[in-house]
Trainee: 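Before anything else, here's the structure in question.
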Amino acid sequence: MSVTPKKELAKAYAPQDVEKKWYDTWEAGGLFYAYRPDESPQDPTGRRAVDKAPFVVCMPPPNVTGILHMGHALNNTIQDTYIRYHRMLGHEALWMPGTDHAGIATQTKVEKQLKEEGLSRRDLGREKFLDRVWQWKHTHSDFIEKQLRALGCGPDWRRFCFTMDEGYYNAVIEAFVRLHEKGLIYRGKRIINWSPLAQSALSDEEVIYKETQGKLHFFRYPLIDRKADEPEYIVIATTRPETMLGDVAVAVNPFDERYQKLIGRKLMLPLMNREIPIIADDYVDKEFGTGCVKITPAHDPNDFEIGLRHNLPQLNVMYPDATINEQGGKYSGLDRYVARKKIIADLEELGLIEKIEDYTNSVGYSERGGEMIEPYLSDQWFVKMKPLAEPALKVVEDGLIQFHPERWINTYRHWMTNIRDWCISRQLWWGHRIPAWYGGSGEVFVGRTAEDARAKADAAGYTGHLHQDEDVLDTWFSSWLWPFATFGWPENTKDLQTFYPGNLLSTAPDIIFFWVARMIMAGIEFMKDLPKADGSPRTSMEDIVPFKHVYFHNIIRDQIGRKMSKSLGNSPDPIDLVQKYGTDAVRFTLLYLAPLGQDVRFGEESCEQGRNFANKLWNATRFVMMKRDEYQSNKSEPTFESEDTELLNSTSNEPRIQSNTKTGFTAKPATTLADKWILSRANKTAFGIKESLDNYLINDATKKLYDFIWKDYCDWYLEVVKLQPESTLLAVEILEGILRMLHPVMPFVTEELWHALTGNEESVLIGQDDYITSDEGKIDPEAEADFEFIQKIIEAARLLRANAKLTPSKPAKFILRLKNDSDHSLSKSARLIIERLCRAEALAIEVDGGGELSSNEYSSELLSGRGQIFMKLEVLSAEEAAKEQARIAKERERVSKQYQSLLSKLSDDNFVSRAPAHI
RNA sequence: GGGCAAUUGGCGCAGUUGGUUAGCGCGCUUCCUUGACAUGGAAGAGGUCACAGGUUCGAAUCCUGUAUUGCCCACCA
């Protein structure tokens with residue numbers, strides 16, 4: 001047996017010392033790598049089996065531009081915890097990492113940078129501009145990786161994927177072409193949400209509606225050829241006066257008596273001096289405003305529809321930057337808001353303003369840029385969503401994909417059943433360029449490559465020049481392929497066959513539409529035709545959907561309830577917290593505070609709880625190791641044959657843990673009451689944690705760990721171990737199990753302590769060990785009840801001491817009177833524990849039957865009907881005696897009240913007859 | 001307008017299918033530096049569980065309504 005120097009643990013846990021060391025060791029040891037069955041295991045420990053069931057999580061790819069905020073920290077901690085947990089359960093755990101090119105966000109940042117140099121993207125040209133963006137991407141993407149590492153996250157870094165990687169790029173193009181071939185992608189002139197800042201279209205999901213204080217303007221449009229009994233003008237109401245430049249009609253309700261006679265007549269559009277008709281349409285609400293609506297088909301989605309019904313022209317009066325174009329007459333060139341002011345002033349001068357009222361309505365803003373979006377008429381590409389949404393809704397309704405918490409299914413259903421077509425073209429350069437080529441007179445050819453498009457054109461008899469669509473695709477049009485494009489789709493790769501479908505998707509509920517729903521659609525649409533590993537078709541939906549469980553975690557808010565965001569600057573940098581409190585502390589705190597789907601207010605001080613917990617565990621280990629040494633040296637003849645030997649001996653160089661030899665806390669039977677109790681508690685906890693984790697109640701699991709470790713193990717069991725050294729080895733074994741049980745949540749401190757405790761070599765990792773399993777045979781309700789009674793006695797005795805203001809150093813004398821024999825012998829057998837934990841100088845244990853002891857001499861506490869404990873009082877001042885009397889009287893009253901209520905219940909026939917017997 | 005949630009001691013939150021005395025963390029009070037830990041230990045104060053009805057032997061828990069707050073969706077010029 002070789003002897004290595006014993007490791008002394010420092011008095012307090014210093015995370016910085018251990019985190020980097022272990023992260024590097026994990027990586028060097030290939031801990032994060034996942035293998036296919038056909039790959040030879042490359043793990044240095046050789047523990048990897050090749051036929052393990054995979055457990056796959058695809059990381060929601062953060063924006064390359066991004067800095068991780070607390071929400072990311074939470075989400076990635078959740079994923080890492082599940083990955084580590086399943087790896088320990090024996091799965092081939094794959095966490096697929098990557099980043100998203102984030103079209104608008106990234107392009108905006110680079111354009112901003114250019115602007116500081118006095119340049120625009122058009123000055124550079126497409127190619128040079130894209131070079132700049134790539135440069136920018138390269139300098140920024142490392143940062144996210146660094147942050148994830150600092151959080152202890154261990155995805156399979158070898159597989160890191162970027163949505164603009166060549167393979168992924170091709171997958172996006174392939175998806176577009178296939179959907180186009182199926183007629184699910186089309187091009188059309190529609191009113192879309194226009195972002196004047198990005199000068200691009202946005203999808204409906206990228207628009208945020210906010211109540212906005214504005215004005216409702218009432219304008220007079222003069223009636224042409226007015227008869228004597230007719231009004232001089234028609235009054236219309238609008239919130240966006242500048243759009244009047246594009247008015248092509250005024251609509252009234254066909255059943256509105258006020259205007260019926262005027263239908264078909266003409267009005268003179270002021271300022272523009274254009275004749276526009278009065279038309280009738282059901283859409284108009286007689287009650288609202290004046291009952292007359294100006295119709296601007298090019299600048300309002302409803303007006304657009306009306307325009308189509310009435311065959312009206314679509315007059316676009318704005319440039320893409322939301323300045324008025326040449327159609328706007330003398331307002332041409334003005335910004336939309338400047339034009340608005342001028343139009344109002346001009347109408348005022350003409351006496352054509354009836355009134356202007358304050359008005360609050362809901363206005364759309366760009367999610368990214370924050371500016372007001374402009375409904376705008378333009379040619380865009382759309383995905384037909386209904387055919388995709390129907391099966392995607394069904395798999396969730398049928399439970400093939402489960403949402404946690406379940407209620408999100410309502411939101412999902414609502415969106416899926418009211419779904420509208422998805423505008424996927426963006427007028428940007430950074431992204432996947434739309435694979436459509438145009439001929440000189442409106443011909444459109446969609447192909448995988450320019451050659452492909454050329455061939456199609458030739459086949460169609462078009463020989464002229466082709467030019468590719470300038471636009472790129474919505475970022476989410478690439479993200480929705482994430483669960484399979486990361487594994488090489490459209491090729492039917494071995495990775496894809498092994499690791500699709502995934503198991504868990506963890507995300508914040510705010511991207512349920514953007515991403516979750518669309519991934520489900522894409523998974524069903526694109527994976528259903530791809531054969532499985534054995535060549536058989538995917539006939540079961542279970543093999544087609546991209547994941548089985550979706551965990552919607554909470555949104556982290558600041559202490560006054562605001563969503564944490566970069567723009568508000570109210571999110572602490574997770575890395576600062578990690579440095580201040582330790583990674584494990586931050587992880588624990590986030591998981592502890594992360595109830596299922598309930599928003600959480602986060603203040604950085606809450607990390608103290610996690611830090612303290614890590615420190616508690618550290619010191620418990622320190623103590624147990626000290627006790628073990630003590631026990632070992634006191635033992636005259638160590639039993640080398642016994643299975644304790646290696647646990648006893650922390651200097652062994654042989655890895656103690658052999659795969660699957662021991663998954664529970666101990667193989668040995670427990671002897672003392674405390675031993676039985678802690679084993680029962682430990683196994684119950686292990687059982688509960690598995691249950692919580694498997695049901696995605698992750699905060700429950702952390703709470704169970706915390707309570708068991710701190711209260712049961714440290715506060716009670718270790719105190720008992722101080723009194724009964726024969727429990728030392730069990731304490732070691734339980735602790736070893738605790739470390740394994742806690743490891744997925746707090747990987748660093750548990751790894752460090754596990755090695756200190758077991759003496760395992762650095763290359764043997766706790767994360768490769770088996771997760772603790774509960775042995776239900778060790779759950780012992782009787783032992784738990786018995787030990788709880790002992791705890792109750794001790795607590796009662798401590799209370800007596802505290803009330804009598806006895807300092808701990810002063811000994812006390814107790815008399816314990818118990819009603820039945822079993823309690824009597826129970827407490828006698830636990831006499832030592834009771835005496836020492838309540839610092840009794842003397843403890844008399846009696847069978848109840850003696851008379852009441854004088855309350856001048858004794859203070860007492862009741863033991864839930866099973867007996868009473870008395871403490872002999874020292875000299876008591878009259879004042880103190882009175883106080884004590886009062887307290888006892890109060891206590892007596894409370895108990896008798898409770899007793900009375902119980903009595904009355906029991907004498908109530910209703911209760912006795914209806915309540916179940918055990919009550 | 002439609003939908004989803006929340007309302008529990010000073011603050012932040014648990015409380016799973018209804019069942020004896022409603023828990024936890026922080027904060028507060030008192031005592032304790034006793035050989036794991038003061039990032040600790042012991043004890044304590046503090047809640048008629050938003051409100052009003054109802055179901056039940058029994059309600060924080062189930063039902064109805066009201067109020068307040070938050071979020072999502074839709075949107076009338």
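In the text below, chain A, chain B and the rest are named by the order of the sequence lines, each starting its count at 1. Not measured: the values here are computed from a predicted model.
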Trainee: Under 4.0 Å, counting only non-hydrogen atoms across every strand here, what does A:Arg839 touch: a base, just sugar-phosphate, or nothing?
Mentor: base

Trainee: side-chain contact (heavy atoms from CB on, under 4.5 Å) with A:Glu795: which residues, sequence neighbours excluded?
Mentor: A:Trp716

Trainee: Could you give the distance separating B:rG18 and B:rU61 at their P atoms, to the nearest angstrom?
Mentor: 11 Å

Trainee: Ignoring hydrogens and angles, write down the donor-acceptor pairs under 3.5 Å from the side chains of residues 283-290 of chain A, residues two or more places apart or on other chains.
Mentor:
from	atom 1	to	atom 2	distance (Å)
A:Tyr283	OH	A:Asn302	ND2	3.2
A:Asp285	OD1	A:Glu287	N	2.9
A:Thr290	OG1	A:Val235	O	2.4
A:Thr290	OG1	A:Cys292	N	3.3

Trainee: Quick one: pull up CZ in A:Arg611 and CG in A:Leu577 and give me the separation to the nearest 0.5 Å.
Mentor: 12.0 Å

Trainee: Less than 6.0 angstrom separating the ring centers of A:Phe219 and A:Tyr233, yes or no?
Mentor: no

Trainee: Strictly below 4.0 Å, N to O, side chains only: are A:Glu205 and A:Arg518 in salt-bridge contact?
Mentor: yes

Trainee: What one-letter contact string describes nucleotides 22-30 of chain B from 5' to 3', where B marks a base within less than 4.0 Å of any protein heavy atom, S marks contact via sugar-phosphate atoms alone, and - marks no contact?
Mentor: --SS-----

Trainee: Summarise protein proximity over nucleotides 71-77 of chain B in one line of letters, 5' to 3': B for base, S for sugar-phosphate only, - for none, counting protein heavy atoms closer than 4.0 Å.
Mentor: S-S-BBB

Trainee: Output the single nucleotide from B:rG41, B:rA36, B:rC4 whose closest atom is nearest the side chain of A:Asp715.
Mentor: B:rG41

Trainee: Taking Watson-Crick and G-U wobble pairs with both distances under 3.5 Å, convert RNA chain B into its dot-bracket string, 5' to 3', dots for unpaired and | for cross-strand pairs.
Mentor: (((((((..((((.....[...)))).(((((.......))))).....(((((..]....))))))))))))....

Trainee: According to side-chain contact (heavy atoms from CB on, under 4.5 Å), who are the partners of A:Pro509, at least two apart in sequence or on a separate chain?
Mentor: A:Trp408, A:Phe552, A:Ile555

Trainee: Quick check on B:rG41: is either OP1 or OP2 less than 4.0 Å from any side-chain nitrogen or oxygen of A:Trp710?
Mentor: yes

Trainee: Between A:Asp715 and A:Lys711, is there a salt bridge with N-O shorter than 4.0 Å?
Mentor: no

Trainee: Whole Å only: how far is the CG atom of A:Asn619 from the P atom of B:rA38?
Mentor: 7 Å

Trainee: Using the P atom on both, measure B:rC26 against B:rA67 and round to a whole Å.
Mentor: 39 Å

Trainee: Identify whether the distance between the nearest side-chain nitrogen and carboxylate oxygen of A:Glu397 and A:Arg413 falls below 4.0 Å.
Mentor: yes

Trainee: Counting side-chain heavy atoms from CB outward, which of B:rA36, B:rC31, B:rU39 is closest to A:Asn615?
Mentor: B:rU39

Trainee: What nucleic acid atoms does A:Arg798 come within less than 4.0 Å of, heavy atoms only: base, sugar-phosphate, or nothing?
Mentor: sugar-phosphate

Trainee: Looking for any heavy atom pair under 4.0 Å, which part of the strands does A:Lys627 touch: base, sugar-phosphate only, or nothing?
Mentor: nothing

Trainee: Starting at the 5' end of RNA chain B and moving along, which residue's nearest nucleotide shows up first, A:Glu795 or A:Ala614?
Mentor: A:Ala614

Trainee: Within a 6.0 Å radius of atom CZ on A:Phe255, are there more than 12 heavy atoms belonging to other residues, nucleotides or ligands?
Mentor: no

Trainee: Provide the distance between the two P atoms, one in B:rG53 and one in B:rA59, to the nearest whole Å.
Mentor: 14 Å

